[in-house]
Each structure stands twice: as C-alpha cells, then as structure tokens.
Asks: 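Structure in structure tokens, see below.
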2 protein chains.
Amino acid sequence: MPYSNRKFKDAIYEQFGRIGKALASPKRLEMMDLLCQGPKTVETLSRQADQTLANTSQHLQVLRAARLVESEKNGLYVTYRLADDNVCRFYQALRALAESRLFEIAAITREFMEQRDSLELVKSDELALRMHRGEVTLLDVRPTDEFESGHIPGAISVPLAELESRLAELPRDQQIVAYCRGPYCVLSVEAISVLRKKGFRAVRMEDGVSDWKAAGLPVDIAE
Amino acid sequence: MPYSNRKFKDAIYEQFGRIGKALASPKRLEMMDLLCQGPKTVETLSRQADQTLANTSQHLQVLRAARLVESEKNGLYVTYRLADDNVCRFYQALRALAESRLFEIAAITREFMEQRDSLELVKSDELALRMHRGEVTLLDVRPTDEFESGHIPGAISVPLAELESRLAELPRDQQIVAYCRGPYCVLSVEAISVLRKKGFRAVRMEDGVSDWKAAGLPVDIAE
DNA sequence: GAAATATTCAAGTGTTCTATTGATTACTGG
DNA sequence: CCAGTAATCAATAGAACACTTGAATATTTC
C-alpha cells in the first residue's frame with residue numbers, strides 16, 4: 001500500500017513516539033537510572049524503585065517494547081539491562097535538559113540536601129586531582145553488584161548496609177569522599193551522615209559512575 | 001515539610017517526567033521538529049503539522065508547561081520558539097536513538113523513498129566538498145521564513161511552492177542538490193520529483209539545517 | 001513430583017490524555 | 001465601535017495508561 005506524505009510522516013513520528021511514551025512515566029525514568037548502574041533482576045528493580053513486582057514487570061515491558069531495555073532469563077531470574085550505552089547517555093541527556101530547563105529540580109534538591117546537611121560537594125575533576133595526590137579515600141557505597149559492573153578507579157566498595165560494621169577499615173586522618181548512583185541517589189547522603197556522626201571527615205561527590213564515564217574518565221570493571 | 005528519601009526521589013523523577021510526558025505524543029514531536037527550523041505562529045504550525053488550530057494550541061501549552069518552548073505575542077499572532085538550542089539538540093538525540101533502536105524507521109523510510117524514486121542521497125560532507133569545487137547548485141526548498149532563520153551557506157532559497165515558476169533560474173549543466181527540514185521532511189522529495197520531470201539532474205540531501213549545524217558546520221542567517 | 005519462588009498474565013478501576021466542538025477573548029483595521 | 005481574525009478556553013467522548021489484585025506459568029530444589 002502506498003504511503004501518502006502525511007501517512008509517511010505519521011508513521012515516522014509514531015515510531016519516535018514509542019521512545020517518547022516510554023519516557024513518560026517517572027517510575028520508568030527511575031528504573032532507567034537504576035539500570036544505568038548495571039543489569040538487574042525484576043525483583044531487585046522492584047525493591048530499589050519501591051513498587052510492586054507486577055508493576056515493575058509491566059513497566060519493564062513498556063521499556064522493552066520501545067527497545068530501550070533487553071532481558072535474559074537465567075534460571076528463575078529474569079535480568080534486564082539497557083539495550084546499549086546510548087540509552088544511558090540519552091537518559092543522561094534528558095536529565096541534563098530537565099536540570100537546565102526546570103529550576104524546580106535545583107530547588108527540591110537544595111531543600112533536601114540542606115535538611116540532610118549534605119550541601120558540601122566535591123567535583124569530579126577536583127576529586128581526580130586529590131586522589132592522584134593520595135589525599136582522599138574514595139568510597140563506593142552502592143550494592144556490591146553495581147560496584148562490580150563498573151566503578152571509579154581507586155574506589156573501595158563499602159555498601160551502605162555494611163558501612164557501620166566496617167568503620168575500622170577507614171582512615172581518620174584523611175578526608176573520605178563517598179559516591180553512589182548519581183546526584184539524586186541518597187545512598188551517599190546516608191553514608192556521609194553516618195560517617196560524620198562517627199567523627200570522620202566526609203563529603204559527597206554528586207557524580208555517579210555513568211556521569212564519570214560520560215565525562216571521558218576511565219572506569220574499572222571487576223573480573 | 002521534610003522530605004523523606006522516597007519523597008525526594010518521587011519529586012525529582014516527577015520533574016524528569018515532565019520532560020518525558022511532553023515527548024509522549026507523535027504530534028508534539030513533529031511540532032518540535034518544525035520548531036527546530038525556527039519560530040512559528042500557532043496557525044503556521046497547525047497547517048504544517050496537519051491538525052486543528054485548537055489542538056495545536058493545546059499541544060503547545062503542554063510543551064510550554066515542560067518549558068521546552070516559549071511564546072511571545074506580537075499583535076494578533078503568538079509566535080512559539082524552542083526554549084533554547086539544547087532543546088533542538090535533545091530532540092535530535094531522541095531521533096538518533098529512535099533510528100538506532102527501531103529498525104522499523106529505516107524500513108518505513110526505505111519503502112516510502114523507493115515509491116517516490118528518491119533513494120539517491122548526497123551526504124553532507126560530500127556536499128561540502130563539491131560545493132567548494134563549484135560542482136553543484138544547492139537548493140533550500142523550505143518556506144522563505146525558515147530559510148531566513150538559518151540556511152546552509154551558498155544555498156539558494158526556492159520554496160517548493162515557487163519551484164515550477166522559477167525553473168529558469170536553475171542550471172541544466174550542473175547537478176542540483178535539494179534539502180529541506182531533515183530526513184523525514186518531504187519537501188525536497190517533491191522538489192526532486194519536479195526537477196527530474198523537467199529534465200534536471202537532481203538529488204536529495206537528507207540533512208536539514210539543524211543536522212548540518214549539529215555536525216559543526218557553519219550556518220548563515222539572513223539579516 | 002511437590003513445594004517454593006520469580007515472573008508474567010489478566011482483569012478491573014480510577015485517572016489522565018487526545019482530539020473535537022463551539023464559545024470566548026484579544027487584538028487590528030476600517 | 002464593529003467586523004474579522006488568531007488564539008485560547010471549556011466541555012466532552014473515547015482511548016490509553018498506571019496501579020492493584022489474584023491467578024497462571026516456569027524453573028529450581030528437595
């Protein structure tokens with residue numbers, strides 16, 4: 001059947017719309033953010049995004065229909081991952097656009113961080129310099145599997161859940177920098193709070209591994 | 001009122017979702033594409049996107065609520081424009097992601113171009129070279145106002161509507177390259193068809209001005 | 001093969017979105 | 001001030017969507 005001009009355009013923009021529709025839900029965006037950290041099972045995503053399993057599964061199917069994620073069944077578990085690196089980069093572009101266009105985001109973040117007394121930040125370029133000089137200890141407070149799928153070179157993996165029991169490993173004479181999934185992940189905020197209460201000098205780095213990577217800096221992967 | 005971690009995340013992703021929701025409609029994406037060509041009135045957009053005025057106005061308000069477009073009233077007309085260059089670049093990133101993830105797009109395009117006998121294409125880098133050598137005449141077949149808000153250096157403005165009456169201006173001994181808004185705009189396809197029927201040697205360039213610009217090439221603006 | 005578990009499916013409900021229609025507002029020019 | 005035009009608003013019907021619940025499926029383990 002022949003395409004009229006209008007039908008052709010409608011067909012094309014409908015395809016673009018498949019991507020757009022996949023991005024239209026806050027929960028799906030949160031899940032994409034989580035999947036930027038590495039592959040995850042449905043159950044893990046469900047827990048980390050605070051929603052029911054069935055709902056998580058349905059959202060994942062929407063993302064899969066837009067070909068933004070792929071899944072693979074391993075025994076009892078189904079593991080989902082972003083379809084390729086471009087998807088994570090695109091998610092970051094959306095995040096950057098939102099940050100630049102919507103001042104509400106900065107306002108919400110400032111209010112939250114103030115309340116958590118976590119306004120002090122280290123920038124990634126400054127961190128790189130001070131790591132090089134051996135002045136700081138870098139802590140990756142995400143779950144172990146995320147550390148293993150990619151982390152900042154030199155970082156020590158201390159998942160937030162283990163932090164209190166592993167304080168003895170950390171230096172008291174050096175500043176500690178903690179990072180997690182990115183600017184809107186609160187794991188490092190919690191970590192800073194714990195560390196300060198115990199008398200450590202600790203600050204947060206906003207960037208996650210994907211931001212670090214997007215800035216052209218190297219990333220280590222566990223074998 | 002204090003933010004819990006979950007409330008903070010929900011508030012942040014809800015903001016990201018504002019951008020996502022704005023992208024969830026094929027018609028809105030088409031309008032963003034059109035607005036990448038330059039500012040337009042509601043009436044113009046309505047005509048170019050083939051939809052009623054009221055519907056166009058409503059979609060524009062959704063885009064404005066997401067701060068992707070801005071409007072300005074001049075007398076009887078309201079002119080809408082993209083809020084900044086990043087919005088156009090982001091739209092192009094979405095388009096590129098869609099093209100890379102959804103094979104349907106290539107299939108639909110191929111079928112349409114075959115039927116219109118318009119498969120032959122010139123790449124932008126090849127065009128730049130041949131323009132420099134004076135081997136080709138470059139035709140911008142978009143409406144005049146779009147030409148004026150930005151065009152490829154050296155291009156002649158011959159809106160499709162005027163093409164048949166201005167054939168005398170065009171060379172018969174040289175290849176003619178026509179371009180329009182981008183790969184999914186059909187103005188240049190129509191132009192090629194007219195030109196060939198009249199015995200000219202004509203091929204299409206897929207890229208529009210914003211693609212040309214995104215590739216780091218210079219753009220001329222009429223004073 | 002039965003129990004346990006991860007995931008998906010199916011159905012239902014309330015909400016949000018799209019497109020249409022007709023009315024209304026805002027502005028210009030006579 | 002009136003007529004004409006661009007744009008928006010308001011109300012609506014129908015479609016699509018998000019989330020919940022409970023059942024079904026697939027796989028592993030005992």
Side-chain angles (χ1 to χ4, degrees), chain A residues 6-7 9-11 13-32 34-35 39-66 68-81 145, chain B residues 6-7 9-11 13-32 34-35 39-66 68-81 145:
Chain A
R6 182 35 51 192
K7 273 192 186 160
K9 285 191 197 175
D10 284 350
Y13 289 107
E14 189 191 325
Q15 294 298 320
F16 294 174
R18 288 172 67 185
I19 305 286
K21 282 188 213 295
L23 306 170
S25 144
K27 275 293 173 201
R28 283 198 291 272
L29 291 170
E30 182 171 357
M31 290 163 71
M32 283 178 70
L34 288 165
L35 287 171
K40 290 176 190 291
T41 65
V42 182
E43 197 267 330
T44 307
L45 273 165
S46 151
R47 192 167 17 83
Q48 294 183 346
D50 272 312
Q51 53 179 352
T52 64
L53 203 70
N55 204 20
T56 304
S57 175
Q58 279 169 184
H59 276 309
L60 284 167
Q61 284 168 69
V62 173
L63 289 172
R64 185 167 50 193
L68 297 179
V69 306
E70 285 167 354
S71 65
E72 183 194 359
K73 185 150 190 175
N74 295 317
L76 210 46
Y77 292 84
V78 177
T79 300
Y80 280 82
R81 69 187 71 231
D145 60 313
Chain B
R6 182 33 55 190
K7 273 191 186 163
K9 285 190 196 176
D10 284 348
Y13 288 108
E14 188 191 326
Q15 294 297 320
F16 293 174
R18 289 172 66 184
I19 305 286
K21 282 188 212 299
L23 306 171
S25 144
K27 276 293 173 199
R28 283 198 291 272
L29 292 169
E30 182 172 356
M31 292 166 69
M32 283 178 69
L34 288 165
L35 286 171
K40 288 176 190 293
T41 64
V42 182
E43 198 267 328
T44 307
L45 274 165
S46 151
R47 193 165 18 82
Q48 296 183 345
D50 273 312
Q51 53 178 352
T52 64
L53 202 70
N55 204 19
T56 305
S57 176
Q58 278 169 191
H59 276 308
L60 284 167
Q61 283 168 69
V62 174
L63 289 173
R64 185 167 49 194
L68 297 179
V69 307
E70 286 167 354
S71 66
E72 183 195 357
K73 186 151 190 172
N74 296 316
L76 208 47
Y77 293 84
V78 177
T79 301
Y80 280 83
R81 70 189 69 233
D145 61 312

Asks: Quick check on DNA chain D: between S57(B) and V62(A), whose nearest nucleotide comes earlier from the 5' end?
Replies: S57(B)

Asks: When all nucleic acid strands are considered with a 4.0 Å heavy-atom cut-off, which category describes A54(B): base, sugar-phosphate, or nothing?
Replies: base

Asks: Could you state the atom-to-atom distance from CG of N74(B) to C1' of dA7(D) in whole Å?
Replies: 13 Å

Asks: Let me know the distance between CG of L53(B) and C1' of dA19(C), rounded to the nearest Å.
Replies: 13 Å

Asks: Rounded to the Å, how far apart are L76(A) CG and dT25(D) C1'?
Replies: 11 Å

Asks: What pairs with T44(A) under side-chain hydrogen bond (donor to acceptor under 3.5 Å, both in side chains), at least two apart in sequence or on another chain?
Replies: T41(A)

Asks: Given atom CG of L60(A) and atom C1' of dA6(C), what is their separation to the nearest angstrom?
Replies: 13 Å

Asks: Within this structure, what is the OH-to-P distance between Y77(A) and dA4(C), rounded to whole angstrom?
Replies: 16 Å

Asks: Roughly, in whole Å, what's the span from NZ in K21(A) to C1' in dC17(C)?
Replies: 9 Å

Asks: Just by distance, do the side chain of Q51(A) and the backbone of R47(A) share a donor-acceptor pair under 3.5 Å?
Replies: no

Asks: Quick one: is Y80(A) getting a side-chain N or O under 4.0 Å of the dA6(C) phosphate, OP1 or OP2?
Replies: no

Asks: Given dA26(D), dC19(D), dT18(C), identify the nucleotide with an atom nearest to the side chain of R28(B).
Replies: dT18(C)

Asks: Answer yes or no: is there a donor N or O on one side and an acceptor on the other, between the side chain of K27(A) and the main chain of A49(A), under 3.5 Å?
Replies: yes

Asks: Categorize T56(B) for me: base, sugar-phosphate, or nothing, with a 4.0 angstrom heavy-atom threshold over every strand shown.
Replies: nothing

Asks: Identify whether any heavy atom of Q51(B) sits under 4.0 Å from a base atom; if not, whether one sits that close to sugar-phosphate; answer base, sugar-phosphate or nothing.
Replies: nothing

Asks: Heavy-atom nearest nucleotide on DNA chain C for Q58(A) versus T79(A): which residue maps closer to 5'?
Replies: T79(A)

Asks: Without decimals, in angstroms, what is the distance between M31(B) CE and dA19(C) C1'?
Replies: 13 Å

Asks: On DNA chain D, compare the nucleotides closest to K73(B) and K73(A); which residue's is nearer the 5' end?
Replies: K73(B)

Asks: Would you mind reading off the distance between H59(B) atom NE2 and dA7(D) atom C1', rounded to a whole angstrom?
Replies: 16 Å

Asks: Between dC19(D) and T52(A), is there an OP1 or OP2 to side-chain N/O distance shorter than 4.0 Å?
Replies: no

Asks: Any donor-acceptor pair under 3.5 Å linking the side chain of R28(B) with the backbone of K21(B)?
Replies: yes

Asks: Given 3.5 Å as the limit, does a donor-acceptor pair link the side chain of S71(B) with the main chain of V78(B), or not?
Replies: no

